[in-house]
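Structure first, then comments.
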Number of protein chains: 2
Amino acid sequence: MKKRRPTKVIDQLDREIVLTSAARLFKIQGYERTTVKEIADACNMLPGSLHYRYKTKEAILIDLMRLGLEQVSVELIKACVGESNPAEQLRKGINAHLKVLVTGSDMVYVLLFEWRALQGDARKEMIQLRDRYEALWVGLLKPLAQKGIIHKDVDLDLLRLIGLGALNWVATWFTEEGRYTLEDIGNFVWRIIKQAVVVPGETDI
Amino acid sequence: MKKRRPTKVIDQLDREIVLTSAARLFKIQGYERTTVKEIADACNMLPGSLHYRYKTKEAILIDLMRLGLEQVSVELIKACVGESNPAEQLRKGINAHLKVLVTGSDMVYVLLFEWRALQGDARKEMIQLRDRYEALWVGLLKPLAQKGIIHKDVDLDLLRLIGLGALNWVATWFTEEGRYTLEDIGNFVWRIIKQAVVVPGETDI
DNA sequence: GTCTATACTCTGATAGAC
DNA sequence: GTCTATCAGAGTATAGAC
């Protein structure tokens with residue numbers, strides 16, 4: 001009996017290669033301007049082989065976004081787990097989101113900036129996925145409010161929406177060669193939030 | 001001698017009709033998914049007539065962005081002129097930016113979200129235009145720092161970049177039917193900024 | 001599973017009569 | 001300035017041999 005790698009493992013590898021290549025192209029050129037031939041070229045496949053994995057170009061985008069959401073969720077959780085101070089959790093979460101969005105996987109960028117390319121049901125599904133990610137942030141912010149670290153009268157939903165917006169937009173102007181490092185930016189956002197909504201002296205609980 | 005409207009006036013009217021129609025389509029469908037035929041239909045023209053005004057689809061986008069930038073600049077200036085309190089100028093500026101972006105001209109939305117559709121020189125020109133708009137914000141923030149209303153150690157460039165990012169991202173999730181009005185959102189952002197960077201008691205100068 | 005070849009559609013742009 | 005007709009090119013998806 002011949003020994004061989006389980007089919008599943010090979011498929012998973014292919015999936016990552018295809019989606020990583022596609023994400024880079026989608027980020028640079030945009031989804032619409034990128035052709036399936038370019039994607040195939042980028043992962044050393046012929047268009048026919050790519051079509052064997054994904055029947056349509058849209059299917060690639062959808063699967064890519066699912067993986068991107070998984071990646072950013074994992075990074076956010078990793079950054080907070082093992083940190084007992086909830087204020088520090090928030091600070092680390094901000095830095096993690098920035099890092100994975102800007103210097104990490106292109107899939108997260110595409111997830112956030114190309115959802116308009118999807119229509120109908122697919123768009124709805126992606127919005128639901130995005131909501132699920134944002135629910136992780138609710139889970140970070142709620143304990144801070146309950147413990148009195150964040151002022152009682154701060155609207156947590158608005159804080160999340162505005163805060164994530166501020167972070168997401170960074171991806172539109174950040175460059176490695178710019179004046180600011182990602183840490184500079186993360187620290188700045190953290191300081192703003194801390195000074196605006198955190199009760200003084202409560203960050204060390 | 002026949003009396004007739006000066007040619008310039010007619011051209012200017014046509015320009016606004018074309019660009020307004022195009023902006024609405026670009027905002028809903030995105031630039032790439034919108035066809036020149038759709039634009040022509042939307043302004044009751046035939047493709048040939050549209051082509052007489054704009055030789056290429058890209059030329060429409062570029063002119064649209066120029067006009068969008070002009071509009072948002074005018075609204076920002078209008079909101080601040082006649083307000084002597086610099087802190088109040090900032091508050092009104094925030095609301096003006098939000099309003100024109102979200103409920104005002106679709107051109108401003110397109111200006112901010114479709115710059116990736118441009119390539120090469122055209123993209124560089126638009127980035128320069130965006131920088132010119134941001135310079136207006138520098139003009140709002142600098143006096144606040146010089147008068148000691150904003151803490152000396154706040155990086156004004158980061159404050160501008162992060163603040164505008166927070167505002168711009170609102171356009172991706174705001175709906176008229178949602179829980180928050182534009183005023184709610186503007187007030188929230190203003191409060192965050194005020195509590196984070198404004199020296200207490202200095203807002204009434 | 002992979003590769004070649006191609007069908008079919010759409011679109012931006014143009015030519016030229018009026 | 002406007003309209004009809006059309007070209008040339010690009011791009012997605014598919015069929016079918018291997």
Side-chain angles (χ1 to χ4, degrees), chain A residues 2-19 21-26 28-65 110 114 116-120 122, chain B residues 2-19 21-26 28-65 110 114 116-120 122:
Chain A
K2 249 192 193 160
K3 211 172 156 185
R4 59 169 191 178
R5 291 160 85 189
T7 317
K8 263 254 170 172
V9 171
I10 297 175
D11 286 345
Q12 192 60 27
L13 256 177
D14 278 351
R15 181 186 180 222
E16 292 230 354
I17 291 170
V18 170
L19 297 183
S21 307
R24 179 163 44 244
L25 290 167
F26 290 168
I28 297 171
Q29 306 179 333
Y31 170 76
E32 299 290 349
R33 295 184 75 92
T34 302
T35 68
V36 289
K37 187 176 176 318
E38 284 175 314
I39 300 171
D41 287 348
C43 39
N44 293 318
M45 273 178 200
L46 290 167
S49 303
L50 180 56
H51 183 259
Y52 175 77
R53 323 289 161 97
Y54 292 103
K55 292 304 167 209
T56 68
K57 186 179 164 186
E58 191 185 43
I60 298 175
L61 179 63
I62 293 173
D63 197 35
L64 182 164
M65 286 182 166
V110 173
E114 291 287 357
R116 287 172 57 216
L118 292 177
Q119 311 276 318
Chain B
K2 251 191 194 160
K3 211 174 155 185
R4 59 169 191 178
R5 291 160 84 189
T7 317
K8 263 255 169 169
V9 172
I10 298 175
D11 286 345
Q12 191 60 28
L13 256 176
D14 279 350
R15 182 187 181 220
E16 292 229 355
I17 291 170
V18 170
L19 297 184
S21 307
R24 180 162 46 243
L25 290 167
F26 291 168
I28 297 171
Q29 306 179 334
Y31 171 77
E32 299 290 349
R33 296 184 75 91
T34 302
T35 68
V36 289
K37 188 177 176 318
E38 284 175 313
I39 300 171
D41 287 347
C43 40
N44 294 317
M45 273 179 200
L46 290 166
S49 302
L50 180 56
H51 183 258
Y52 175 76
R53 323 291 163 97
Y54 292 103
K55 293 303 167 209
T56 67
K57 187 180 167 187
E58 190 186 44
I60 299 175
L61 179 62
I62 292 172
D63 198 34
L64 182 164
M65 286 183 166
V110 173
E114 292 287 356
R116 287 172 56 215
L118 292 176
Q119 310 276 319

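Every chain is numbered from 1 and lettered A, B, ... according to where its sequence line falls, protein lines coming before strand lines. On a predicted model such as this, the values are computed, not experimentally measured, just so you know.
Closest contact between the side chain of Thr35(B) and the listed nucleotides dT4(C), dG1(D), dT11(C) involves dT11(C). Listed candidates were dG1(C), dG1(D), dC3(D). Nearest to the side chain of Tyr52(B) is dG1(D). When each of dC3(C), dG1(C), dA13(C) is scored by its nearest atom to the side-chain atoms of Lys57(B), the top-ranked nucleotide is dA13(C).
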TODO: Take Glu114(A) and Arg116(B) through the test side chain to side chain contact (heavy atoms under 4.5 Å, CB included) and record every step on the way to the result.
DONE: CA-CA 11 Å; Glu114(A) 291 287 357; Arg116(B) 287 172 56 215; 3.0 Å; yes
TODO: Let me see the working for Leu19(B) and Tyr54(B) under side chain to side chain contact (heavy atoms under 4.5 Å, CB included), right down to the final yes or no.
DONE: CA-CA 11 Å; Leu19(B) 297 184; Tyr54(B) 292 103; 3.6 Å; yes
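Rounded to whole Å, the distance from NZ on Lys37(A) to P on dT4(C) is 11 Å. Atom CG of Asp41(B) and atom P of dG12(C) are 12 Å apart (whole Å). For Tyr54(A) and dT14(D), the OH to P distance is 17 Å, given to the nearest whole Å. Rounded to whole Å, atom C1' of dG1(C) lies 19 Å from atom CZ of Arg15(A). One interatomic measurement links the two molecules: CG of Asn44(A) to P of dC3(C), which rounds to 10 Å at whole-angstrom precision. As rounded to whole Å, 14 Å separates atom P of dG1(C) from atom CG of Leu50(A).
Across all strands shown, Arg33(B) has no heavy atoms under 4.0 Å from either base or sugar-phosphate atoms.
Separating the CG atom in Leu25(B) from the CD1 atom in Ile39(B) is a distance of 6.5 Å, to the nearest 0.5 Å. Gln29(A) contributes atom CD, which lies 7.5 Å from atom CD of Gln119(B) (distance to the nearest 0.5 angstrom). With rounding to the nearest 0.5 Å, the separation of CD in Glu32(B) from CZ in Phe26(B) is 9.5 Å.
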Using the 3.5 Å cut-off, write out each protein N or O paired with an N or O of nucleotides 14-17 of chain C and the distance between them.
residue, atom, partner, partner atom, Å
dT14(C), OP2, His51(B), NE2, 2.8

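Note on residues 46-59 of chain A: pairs passing salt bridge (charged side-chain N to carboxylate O under 4.0 Å, His left out), not counting sequence neighbours, are Asp14(A)-Arg53(A).
Side-chain nitrogen and oxygen atoms of Ser49(B) include none within less than 4.0 Å of the OP1 or OP2 phosphate oxygen of dG1(D). Between Arg53(B) and dT2(D), a side-chain N or O to OP1/OP2 separation shorter than 4.0 Å is present.
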Please list every donor-acceptor pair under 3.5 Å in which a side-chain atom of residues 40-50 of chain B meets a protein atom from a residue at least two apart or in another chain.
residue, atom, partner, partner atom, Å
Asp41(B), OD2, Lys37(B), NZ, 3.1

